[in-house]
Amino acid sequence: MLAKDLLRNDTDRVRELLATRGDDGSLLDRWLALDQERREILGEVEDQKRRRNEASKEIGRLKREGGDAESIMIEVGELKKKISTHETRLSELETELDSATLNLPNLPHESVPRGADENANRVERQVGEPTSFDFEPKAHWDLGPELGILDFERGARVAGARFTASFGAGARLERALISFMLDLHTTEHGYREVLPPFMVNAAAMTGTGQLPKFEEDAFKVSPHGYYLIPTAEVPVTNLHAGEILDEADLPIRYAAWTPCFRAEAGSYGKDVRGLIRQHQFNKVELVHLTSQDTSYEALEELTGNAERVLQVLELPYRTVTLSTGDMGFSAAKTYDLEVWLPGQNAYREISSCSNCEAFQARRANLRYRPTDGGKPCFLHTLNGSGLAIGRTVVAILENFQQADGSVEVPEVLRSFMGTDRITAEN
RNA sequence: GGAGGGGUGGCAGAGUGGUCGAAUGCACCGGUCUUGAAAACCGGCGAGCCUUCACGGGUUCCGCGGGUUCGAAUCCCGCCCCCUCCGCCA
């Protein structure tokens with residue numbers, strides 16, 4: 001949600017920035033018209049309420065003193081009708097205004113490259129070199145089943161397409177990665193671990209921006225009205241919704257493991273093989289709640305924390321700044337981490353780290369009181385994957401595969417795995 | 001799922017139709033006193049929206065949404081959440 005002041009007073013700039021995201025500005029125009037009408041009617045109705053309140057006090061006084069309140073009561077009766085008419089219109093306007101407001105995306109930060117799609121993304125750095133092999137590397141969708149650790153058919157049998165069952169060392173690798181990442185972030189990067197609900201209500205989904213616009217991307221739990229979380233960002237960012245925090249307690253930094261559930265509507269035919277695009281996957285998520293003037297330093301820090309995971313696992317990757325046209329709805333700036341996948345001979349997204357500035361905070365009513373004692377102001381929220389577990393499994397299988405079809409276990413995972421090699425036997 | 005109790009400002013907790021955005025205490029901020037601190041005393045101290053250059057003014061908010069009334073924290077209806085007990089259950 002964008003600030004009203006900004007929409008009203010800096011309309012041209014907002015329009016221009018929305019255009020960089022591919023927005024045609026019609027929603028903005030609608031918002032402006034609704035806002036204008038709302039303010040006119042609000043002025044009138046509040047004036048009438050003031051008169052009503054005065055008259056009610058007068059009635060009370062007259063009755064106490066045994067006087068005649070009849071004529072004033074008639075006046076109030078008339079006022080009530082007018083107020084009621086206006087309020088009906090006001091509530092219509094406010095419903096429409098809310099809808100317009102909730103459907104406007106965030107504005108990009110000035111450092112974000114402008115462009116229509118991923119072709120305008122900017123590569124910031126590349127760490128490590130694409131893994132080289134003296135044999136033809138396999139894709140994980142061949143390696144996994146051959147090792148007996150990934151079973152796409154049986155996953156589909158019990159659920160459907162885009163669900164997978166992991167067995168033996170594959171299941172243990174997921175668990176090892178979760179523990180390894182949480183340990184790294186909590187003991188070395190200063191995060192507080194949190195285990196949030198895996199289902200949330202509509203208010204939480206609205207707070208972080210998944211609703212109302214992207215309802216079809218979510219799994220809704222009928223008939224309860226809950227949603228399966230698409231990312232831990234949703235429950236964790238909303239944890240402090242409605243609170244007014246002390247600036248002294250900021251930044252708040254959470255690390256959370258959760259499964260994530262995505263309907264993947266509109267992605268039919270994409271990434272149909274393997275673990276890349278699933279309806280359910282594990283992820284360790286990092287969330288920062290910061291003051292308004294520290295969020296961009298925090299974004300660098302958060303991104304660095306996620307990169308560290310790849311570095312320690314010795315996986316080659318690059319860091320990319322998403323262009324205005326490629327960013328998500330709530331983000332003002334996003335870095336994607338793309339890991340090298342030999343089986344696909346390409347860099348693929350494994351983490352997405354965003355600063356949402358006050359966009360989500362306005363929706364979820366996340367505020368803090370400045371240390372100088374001023375009025376409460378909105379937090380800045382940031383989130384990033386640290387990392388997506390399923391895709392990390394893919395990256396490890398493909399980058400650490402050996403000529404004999406086994407997979408070496410990265411050094412730092414060996415204590416978690418209890419072995420240094422994944423073979424068909426385990 | 002059933003029965004009962006409860007949701008009031010940062011916290012605790014009064015308030016059962018008008019003078020209540022709301023006592024009191026704690027916390028917090030400023031001041032007096034003190035070498036300093038504590039204590040004591042004095043004063044201040046919720047949020048949203050509209051309006052104003054500003055000072056200020058108006059309006060709304062006592063879990064949420066409706067209703068009754070000239071007037072609702074207070075009465076009525078629906079919903080949500082929390083607590084206790086019962087049932088079910090990992």
Side-chain angles (χ1 to χ4, degrees), chain A residues 1-9 31-102 195-207 211 220-221 223-227 235 238-250 252 259 289 358 360-379:
Chain A
M1 178 187 301
L2 301 171
K4 285 182 187 178
D5 287 358
L6 191 70
L7 296 177
R8 283 174 192 154
N9 304 327
W31 188 92
L32 290 165
L34 290 165
D35 180 57
Q36 181 64 32
E37 188 184 351
R38 171 177 175 268
R39 283 194 282 172
E40 281 165 15
I41 293 180
L42 191 63
E44 281 183 57
V45 77
E46 290 196 346
D47 206 47
Q48 288 162 343
K49 282 184 177 175
R50 179 180 53 75
R51 290 215 299 279
R52 181 197 62 190
N53 291 344
E54 285 165 1
S56 288
K57 280 188 182 154
E58 182 67 5
I59 290 166
R61 191 182 62 77
L62 284 169
K63 289 203 165 173
R64 247 191 330 278
E65 293 170 0
D68 177 16
E70 195 59 33
S71 64
I72 301 187
M73 286 175 73
I74 290 169
E75 187 203 336
V76 171
E78 293 299 316
L79 270 176
K80 278 181 64 172
K81 283 181 208 156
K82 291 182 191 166
I83 290 172
S84 161
T85 306
H86 279 143
E87 291 209 311
T88 303
R89 179 63 188 146
L90 262 188
S91 80
E92 286 168 11
L93 283 169
E94 278 165 7
T95 303
E96 292 182 55
L97 209 44
D98 282 350
S99 160
T101 308
L102 291 174
L195 183 64
F198 297 166
M199 289 192 264
V200 293
N201 55 33
M205 291 285 277
T206 305
L211 291 182
K220 190 169 185 174
V221 182
H224 309 283
Y226 295 127
Y227 293 85
N238 280 287
L239 244 21
H240 297 285
E243 298 183 25
I244 301 178
L245 304 167
D246 285 329
E247 185 173 11
D249 294 332
L250 302 178
I252 293 176
L289 305 179
Q360 295 178 324
R362 281 191 202 93
R363 292 172 160 249
N365 202 217
L366 293 160
R367 291 177 294 174
Y368 68 98
R369 193 176 297 282
T371 309
D372 66 19
K375 298 206 101 190
C377 42
F378 290 111
L379 293 163

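Each chain gets a letter, A, B and so on, in the order its sequence line appears, and its residues count up from 1.
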I'd like the [atom1] distance from [M] over to [N], given in whole Å.
N: B:C75; M: B:G58; atom1: P; value: 29 Å
N: B:A14; M: B:G9; atom1: C1'; value: 13 Å
N: B:U16; M: B:U74; atom1: C1'; value: 5 Å
N: B:A90; M: B:G5; atom1: C1'; value: 28 Å
N: B:G15; M: B:C62; atom1: C1'; value: 11 Å
N: B:C50; M: B:G43; atom1: P; value: 35 Å
N: B:C28; M: B:A12; atom1: C1'; value: 15 Å
N: B:C45; M: B:U8; atom1: P; value: 23 Å

Quiz item: Are any side-chain N or O atoms of A:S99 and backbone N or O atoms of A:T95, one a donor and one an acceptor, separated by less than 3.5 Å?
Solution: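 No, the answer is negative, given that no donor and acceptor are paired below the 3.5 Å cut-off.
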Quiz item: Counting only N and O atoms by type, is there a donor-acceptor contact under 3.5 Å from the side chain of A:R367 to the main-chain atoms of A:P376?
Solution: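 Here the side-chain-to-backbone pair does not exist.
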Exercise. Have a look at A:R8 and say if it touches a base, only the backbone sugar-phosphate, or nothing, with a 4.0 Å heavy-atom cut-off.
Key: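 A:R8: backbone/sugar contact only, no base atoms under 4.0 Å.
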Distance in angstrom units between [X] [atom1] and [N] [atom2], rounded:
X: A:N365; N: B:G46; atom1: CG; atom2: P; answer: 18 Å
X: A:R362; N: B:C49; atom1: CZ; atom2: P; answer: 11 Å
X: A:E40; N: B:C50; atom1: CD; atom2: P; answer: 14 Å
X: A:K4; N: B:C50; atom1: NZ; atom2: C1'; answer: 9 Å
X: A:E58; N: B:U19; atom1: CD; atom2: P; answer: 14 Å
X: A:D246; N: B:C11; atom1: CG; atom2: P; answer: 12 Å

Quiz prompt | Closest-nucleotide ordering on RNA chain B, the 5'-leading residue of A:G43 and A:R367 | solution =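 Checking each residue's closest nucleotide, the 5'-ward one belongs to A:R367.
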Quiz item: Just how far is it from atom CG of A:D249 to atom CZ of A:R369, taken to the nearest 0.5 Å?
Solution: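 So the gap between those two atoms works out to 13.0 Å.
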Exercise. Starting at CZ of A:R363, measure out to CE of A:M205 and round the result to the nearest 0.5 Å.
Key: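 Spacing of CZ (A:R363) from CE (A:M205) equals 11.5 Å.
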Self-check item: Residues forming a side-chain hydrogen bond (donor to acceptor under 3.5 Å, both in side chains) with A:S56, sequence neighbours excluded
Solution: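 side-chain hydrogen bond (donor to acceptor under 3.5 Å, both in side chains) list for A:S56, sorted by chain: empty.
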Quiz prompt | Pair A:V76-A:I59, side-chain contact (heavy atoms from CB on, under 4.5 Å): steps then yes or no | solution = CA-CA 10 Å; A:V76 171; A:I59 290 166; 4.2 Å; yes
Practice problem: Take A:K4 and A:W31, measure what side-chain contact (heavy atoms from CB on, under 4.5 Å) needs, and give me the verdict at the end. | Solution: CA-CA 10 Å; A:K4 285 182 187 178; A:W31 188 92; 3.9 Å; yes
Self-check item: Contacts of type salt bridge (Lys or Arg N to Asp or Glu O under 4.0 Å), residue A:E70, not counting sequence neighbours
Solution: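 Result, salt bridge (Lys or Arg N to Asp or Glu O under 4.0 Å) vs A:E70: none returned.
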Show me the donor-acceptor pairs, under 3.5 Å and distance only, between side chains in residues 42-50 of chain A and residues at least two apart or in other chains.
unit_1 : atom_1 : unit_2 : atom_2 : d
A:E44  : OE1    : A:H86  : NE2    : 3.4
A:D47  : OD1    : A:R50  : NH2    : 3.0
A:Q48  : OE1    : A:H86  : ND1    : 3.2
A:K49  : NZ     : A:E87  : OE2    : 2.7
A:R50  : NH1    : A:E54  : OE2    : 3.1

Exercise. Take nucleotides 53-82 of chain B nucleotide by nucleotide from the 5' end and write B, S or -, depending on whether a protein heavy atom sits under 4.0 Å from the base, only from the sugar-phosphate, or from neither.
Key: -----BSS---------BS-----------
Quiz item: For RNA chain B, what dot-bracket results from Watson-Crick or G-U pairs at under 3.5 Å, with [ ] for crossers and | for inter-strand partners?
Solution: ((((((((.[[[..)..(.....]]].(((((.......))))).((((((....)))))).[[[[[..)....]]]]])))))))....
Quiz item: What's the verdict on side-chain contact (heavy atoms from CB on, under 4.5 Å) for A:R362 and A:N365, showing C-alpha distance, side-chain angles and the deciding distance?
Solution: CA-CA 5 Å; A:R362 281 191 202 93; A:N365 202 217; over 6 Å; no
Exercise. Start with the C-alpha gap between A:I72 and A:L62, add the side-chain angles, then the distance that decides, and say whether side-chain contact (heavy atoms from CB on, under 4.5 Å) holds.
Key: CA-CA 10 Å; A:I72 301 187; A:L62 284 169; 3.7 Å; yes
Quiz item: Does a side-chain N or O from A:R369 land closer than 4.0 Å to OP1 or OP2 of B:G10, or not?
Solution: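 No, because none of the side-chain N or O atoms of A:R369 sits under 4.0 Å from OP1 or OP2 of B:G10.
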Quiz item: Contacts to RNA chain B from residues 86-102 of chain A, heavy-atom cutoff under 4.0 Å, which residues?
Solution: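 None, since no heavy atom is under 4.0 Å.
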Quiz item: How about A:E75 and A:E78: do any of their side-chain heavy atoms sit closer than 4.5 Å?
Solution: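 Contact flag for A:E75/A:E78 side chains = no.
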